[in-house]
Amino acid sequence: MIDFYFNGEPQSLAGLPADISVLTLLRTRLEATGTKEGCASGDCGACTVAIGEPDAQGILRYHNANACILPAHQLKGCHLVTVEGLSRGNALHPAQAAMVDCHASQCGFCTPGIVMSLFTLYEAEQAQPSLTPLSQSQLEAALGGNLCRCTGYRPIRDAAQGMLSYPAKEPSPAWTEDESLAARVAASAQASQEAADAPSPYTALSEGYHRPTSLSALATLRKRHPEARLVAGATDLWLERTQQLKALPALIDLRGISELQVLDAGDDGLHIGAAVTYARLEPSLDSHFPAFARLLHRFASSQIRHRATLGGNVANASPIGDGPPVLLALGATLTLSGSGGERSLEADDFFLDYRQTAMAPQEVLREIRLPWLPAGRQLKVWKLSKRREDDISAVLGAFCWQLEDGLITDIRLAFGGMAAIPARARKAEAALEGQPPTEAAFAAAKQALAEDFQPMSDVRGSSDYRRIAAANLLERLRLTITAPSPTADAPSAPAAQVTLDAYAN
């Protein structure tokens, strides 16, 4: 049974297959066809919806998400808002009214998804009003996951800028944050939690879909359902359903497991539970690992970052995943949990072969620890991809080093897209360790890099391109290390420039 609110109305749905998406639920069960399917992979944003969940104060907070790759069972205890639920009679939501007034709808196919991203942006601004107009980087962050196939971006941006000046209309019951709806959604979420915490760990939301709330319940479920796939954000797993048309009849949802939701700044580093989303993680990264935080906007749209997890990116073990090279560069430690207890493993020892890891069959990634950067230690992360944002890497380089008495020490050079696994360039590291950052030293490192990797050719880049690109990233690292330090009187770079720490090819 899935209990949730849809455009302000309670819903209780039973008998749903484990692998039904929110998009399919909307269009085939709830007869709400304003939400469209474009790419079925979370890239275009045509299927964008808003998900509302109560915060610690009981106020509904909304985020945008891609309905095409969102498991419908994850709606339990939430408030789903679609484009049909925004207006109140003839009174449009400011996001809709601004789109109309700015003539921002072209053919109209992508418009509902764009409106829903604007809706979440408007609601966030209403909750925490900005003192200045939306910046270029804020607009890019809000709308980066929505494509207009008619290329009508200018009026869409005008609508985004202008909607904040529209007076808030009498709120629709579909999206209002009044106490009654917030309380009802909170009560629904609490009931869902209590049901999941029932003594039997075998309680399923529907046949084949399980949501345990503890690691012990997860261990029991995995013994009982060894064929079940684990799902957190589903942003990668669900592509098997939409792109390969594979059935996913048995799923175990990790999002409700409390041990996997830990996010704590400890004495020894930042502890990140495997089910923590990138959106929740981003403020901590921005404070402590800003180069990693900037990567997130190259890595995925806001729709994806609100659902995807670093733990899933790591456990998935893709050779072109953007998170693992950063973990290798930082010297991260992974905590694995299984029937035999817990064990810690260095990220260096986790990736074994193509999509193969050191996890035992019944183990699960519980936590990732990023050690703090000591004074003077630097981290840089640069990504090369065909699109500047929301694209898979051709090559990603993550570099961590220290400069002591003019010499490079404890340098770690990690790459994605260069081998069957994310890996460090150990020969290139050896060529630079203890050396001054001279052209000669980096020339030797580039030569060694050719011994570290023999990359493959694919649609994202040839083997030659990857070798040249990786060597060029080392050259960029040399220029970064040897660049004069900014003086106290030098103006800081504008925010929009800072976010472009990496470039598309």
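Remember, it's a predicted structure, so these values are computed and weren't measured experimentally. Just the heavy atoms: all of them, side chains too, but no hydrogens, waters or symmetry mates, feed the values below.
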| message | Keeping S393 on the side-chain end and K383 on the backbone end, is there a donor-acceptor pair under 3.5 Å? | response | no
| field | Other residues, nucleotides, ligands: >12 heavy atoms within 6.0 Å of Q447 CD | value | no
| query | Donor-acceptor pair, D55 side chain versus I59 backbone, under 3.5 Å? | reply | yes
| task | Answer yes or no: is there a donor N or O on one side and an acceptor on the other, between the side chain of E363 and the main chain of A360, under 3.5 Å? | result | yes
| Any salt bridge between R369 and D264, counting N to O under 4.0 Å? | no
| note | Note: Y153 and C148 closest approach over all heavy atoms is OH-N, 3.1 Å
| said: Under a 3.5 Å threshold, yes or no: a donor from one side chain and an acceptor from the other, between N64 and S117? | reply: yes
| said: Please tell me whether R467 and S463 have a donor and an acceptor in their side chains that are separated by less than 3.5 angstrom. | reply: yes
| request: State plainly whether the residues E53 and R61 are in salt-bridge range, i.e. N to O under 4.0 Å. | output: no
| message | Is it the case that the side chain of Y209 and the backbone of I252 share a donor-acceptor pair, with hydrogens and angles ignored and the cut-off at 3.5 Å? | response | no
| message | Test your reading of the model: is there a side-chain donor-acceptor pair from R466 to the backbone of G461, 3.5 Å cut-off? | response | yes
| task | Using side chain to side chain contact (heavy atoms under 4.5 Å, CB included) as the criterion, point out the one residue from L60, V22, L75 that pairs with I51. | result | L75
| said: Whether R424 and D348 form a salt bridge (side-chain N of Lys/Arg under 4.0 Å from carboxylate O of Asp/Glu) is what I want to check. | reply: yes
| Distance only, no hydrogens: is a donor on one side chain within 3.5 Å (strictly under) of an acceptor on the other, for D464 and S462? | no
| said: Any donor-acceptor pair under 3.5 Å linking the side-chain atoms of E123 with those of H63? | reply: no
| task | Under the salt bridge (charged side-chain N to carboxylate O under 4.0 Å, His left out) rule, collect the residues that match up with D267, sequence neighbours excluded. | result | none
| Is there a donor-acceptor contact under 3.5 Å linking the side chains of T24 and S21? | yes
| query | Do T48 and Q303 have side-chain atoms, one donor and one acceptor, less than 3.5 Å apart? | reply | yes
| Do R280 and Q261 have side-chain atoms, one donor and one acceptor, less than 3.5 Å apart? | yes
| said: Keeping D268 on the side-chain end and P371 on the backbone end, is there a donor-acceptor pair under 3.5 Å? | reply: no
| remark: Exactly one of V314, N313, T333 clears side chain to side chain contact (heavy atoms under 4.5 Å, CB included) with L327, and that residue is V314
| Within the side chain of W238, is there an N or O that forms a donor-acceptor pair under 3.5 Å with the backbone of G42? | no
| If we ignore angles and hydrogens, is there a donor and acceptor under 3.5 Å between the side chains of Q74 and R211? | no
| field | salt_bridge(R241, D19) N-O dist < 4.0 Å | value | yes
| remark: Nearest heavy-atom approach of S302 to H306 is O-ND1, 2.8 Å
| request: Take S385 and R298 through the test side chain to side chain donor-acceptor pair (under 3.5 Å) and record every step on the way to the result. | output: CA-CA 9 Å; S385 56; R298 295 288 316 280; 2.9 Å; yes
| said: Can you classify the ring geometry of F299 versus Y278 as parallel (below 30°), tilted (30 to 60°) or perpendicular (above 60°)? | reply: tilted
| request: For residues A445 and L432, report the shortest heavy-atom separation together with the two atoms involved. | output: CB-CG, 3.7 Å
| Any donor-acceptor pair under 3.5 Å from D452 side chain to K427 backbone | yes
| Pairwise side-chain contact, D253 with H73, heavy-atom cut-off 4.5 Å (strictly under) | no
| message | For Q244, I'd like to know if atom CD has over 12 heavy atoms of other residues, nucleotides or ligands within 6.0 Å. | response | yes
| remark: Residues pairing under ring-ring contact (aromatic ring centres under 6.0 Å, His included) where one sits in residues 423-453, two or more places apart or in two chains, turn out to be F415-F453
| Considering all heavy atoms, the nearest C39-Q243 contact | O-NE2, 3.3 Å
| query | Within 45 degrees of the axis of the six-membered ring of W382 and under 6.0 Å from its centre: does R476 put its NZ or CZ there? | reply | yes
| said: Closer than 3.5 angstrom, by distance alone: can the side chain of E240 be matched with the main-chain N or O of D236 as a donor-acceptor pair? | reply: no
| query | Does a side chain donor of either R307 or T235 reach within less than 3.5 Å of an acceptor in the other side chain? | reply | no
| Exam field: side chain E433 to backbone I411, donor-acceptor pair closer than 3.5 Å | yes
| task | Check whether any side-chain heavy atom of L384 sits under 4.5 Å from a side-chain heavy atom of L396, and report yes or no. | result | no
| query | In terms of side-chain geometry, is the basic nitrogen of R412 or E429 positioned less than 4.0 Å from the acidic oxygen of its partner? | reply | no
| query | Only one of L413, I481, T409, D410 clears side chain to side chain contact (heavy atoms under 4.5 Å, CB included) with W401; which? | reply | I481
